[in-house]
Trainee: 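Supplied in C-alpha cells, the structure appears directly below.
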Amino acid sequence: MSNYKISTKCVQEGYKPGNGEPRVLPLYQSTTFKYDSSEHLGDLFDLKAGGHMYTRISNPTTEYVEEKINALEGGVGAMMTSSGQAAVFISVMNLCKAGDNFLSSISIYGGTINLMTAEFARMGVEVRYFNQNAPIEEIEALIDENTKLVYGETIANPALDVFDIEKFADLAHKHNIPLCIDNTFATPYLCRPFEFGADIVVHSTTKYMDGHASQVGGVIVDSGKFNYANGKFPEFTVPNESYHGVVFAEQFGDAAFIVKARTLLMRDFGMSPAPFNAYLVNTGLETLALRMERHCSNAMKVASYLESRTDKIARVSYPGLASDPRNDLAKKYIRNENGEFIGTSGVVSFEIKGGREAAVRFMDSLKLAALVVHVADSRTSVLHPASTTHRQLSDEQLVRAGISSGLIRFSVGIENADDIIADIEQALQNA
Ligand SMILES: *Cc1c(COP(=O)(O)O)cnc(C)c1O
C-alpha cells in the first residue's frame, strides 16, 4: 500500500489500469467467471487458489473498490455488502453464535438498535448496551466469558456523540475481544479508527462515501491486528468442514476475520452488493476528501449561525463547536489529512423553540433544504424525528429516547453556505 495522503488515495487507490486498459474502473456486471479446467474451479472451492467464481462471493469491480476503501482505512482487507445493515450484521455474526453476547454503546443508529435488540436476540445473541459516558468499571462489569466484541460509532447518528475509541479499544483488548467501530459519519477522511486501536471498521457507504444518495451499500474493513486464535473464537481455529478442513487463523493469518466473513457469511447469507453499486461508490470516493472539507466548513458556519439565534433556537448540537461538551473528544479523533480540526461532518442537530408545531412550520417553510429520509449526501436535507422516524412515540417517550419534540436533524450539503443559512433564516421567520 502506498504512503499517499488520504485525498490522493481517494483518487488513485483501487483500480490501476495497465498499458492500453480502460482509464476508468470497468463495470463487470457478470454473475460468474469462466475457467478452462474443472481442477482449477475445484481449487477455488477449496480456497486453494484465488480468483472470482460467483458474484455473490466476489466480483472484480467490487474488489477494486474494496481495495480502495481498505487503503483509506489502513486495513488488511475489506468486503463490500448490500447495505450498512448487512455490514453490521456480518461483522457481529462473524464472531457471535447463539449463547454469546456483545457490548454496544446505546448512542448508535436507530436501524442498528433494531437489528441488535430484536433480530440478534431471535438468534440467541444478546446485546448489552452501555452509556459511553458511564464510569468504565460499570461498563466493564457487563463483560463475561461469552462476550465477543465491543461496538460503537465514531460520530453517532443522530445523537452526534463522539466515541472514545482508545478507551474502549483498551477495555476490549484487556478481555481479549475486538473493538468494532461504525465510521460512517466521520469517513476515513476525518478519522481512521485503526490508528486508535479499533480492530474492525464498518460503514454505510450509502452516506458520505457514495455522497450522491444513488445507492444503498456497506463495507467491512479488517485491521489485521487482532489475534482470533486466542482461544475465545473457536470458529477461527477449528477445521471448517464446508472447506475441507480449512483452519482460518492458520491459512489466512492476519486476514482471517475478513476471509471468514466472505467465504462463510457472505457465501451463506448472500448480502452482496450489485457491481454497479460498487462502481457508484468508487465514483463517489474520488471526491470524498473535497466533499468532506466542504461539508465540514459549511456545517461549522451553519452551527455557529444557529448558535447565535438564541431567540428562536433552544440548543445546537454539533461537536465541531467549541461550546459543545464533546468538542475535546472530537478534537482528539476527528481531524483531516493535514491534522487540522475542520468540523465533525455535515450533520448538525438543533432544537427549535415552540416544540413540535414550530418544528413542523420551520420544516415546511424550507425551500433549499429538502425533507428526505436520508443524511450525509451532497444536497442539504432535513428530518424531524418527532413527526417522521419516531412519530409513534409520545412527547414523554421521545424525551426518554433523547429526542425532544422540537429536535431537527440537519444534514448540511456542499452548496454555498450563505444560501443554506439564508434558507434557514427565512424558515425561522415563519416558524
Ligand atoms: C445509515 C446507517 C447505517 C445503516 O446503513 P444502510 O446503508 O442504510 O443499511 C448504519 N450505521 C450508520 C451510522 C448509519 O448512518
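Values below: every heavy atom of this structure, side chains too, minus hydrogens, waters and symmetry copies. Both counts, for ligands and for their atoms, begin at 1 and track the order of listing. For clarity, every value in this text was computed on a predicted model and none was experimentally measured.
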Trainee: Going from OH on Tyr333 to CZ on Phe196, what distance comes out if it is rounded to the nearest 0.5 angstrom?
Mentor: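 It is 6.5 Å, given to the nearest 0.5 Å.
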Trainee: Please state whether the rings of Tyr228 and Phe236 are parallel, tilted or perpendicular, taking 30° and 60° as the class boundaries.
Mentor: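 It falls in the parallel class, under 30°.
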Trainee: Mark yes or no for whether Asp100, through its side chain, and Lys97, through its backbone, hold a donor-acceptor pair below 3.5 Å.
Mentor: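 Side chain of Asp100 to backbone of Lys97, a donor-acceptor pair under 3.5 Å: yes, one is there.
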Trainee: Does Lys167 make a cation-pi contact with Phe130 (under 6.0 Å, within 45 degrees of the axis)?
Mentor: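 No, Lys167 does not sit over the ring of Phe130.
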Trainee: Listing request: all ring-ring contact (aromatic ring centres under 6.0 Å, His included) pairs with a residue in residues 356-378, at least two apart in sequence or in separate chains.
Mentor: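 Applying ring-ring contact (aromatic ring centres under 6.0 Å, His included) to every pair that reaches into residues 356-378, excluding sequence neighbours, yields Phe350-Phe362.
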Trainee: Just the distances, no angles: every ligand 1 N or O to protein N or O pair closer than 3.5 Å, one line each.
Mentor:
unit_1	atom_1	unit_2	atom_2	d
ligand 1	5 (O)	Ser204	OG	3.1
ligand 1	7 (O)	Gly84	N	2.9
ligand 1	7 (O)	Ser204	OG	2.8
ligand 1	7 (O)	Thr206	OG1	2.6
ligand 1	9 (O)	Gly84	N	3.0
ligand 1	9 (O)	Gln85	N	3.0
ligand 1	11 (N)	Asp182	OD2	2.6
ligand 1	15 (O)	Asn157	ND2	2.9
ligand 1	15 (O)	Lys207	NZ	2.6

Trainee: So, Arg335 and Glu195, do they make that salt bridge, N to O below 4.0 Å?
Mentor: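 Salt bridge: no.
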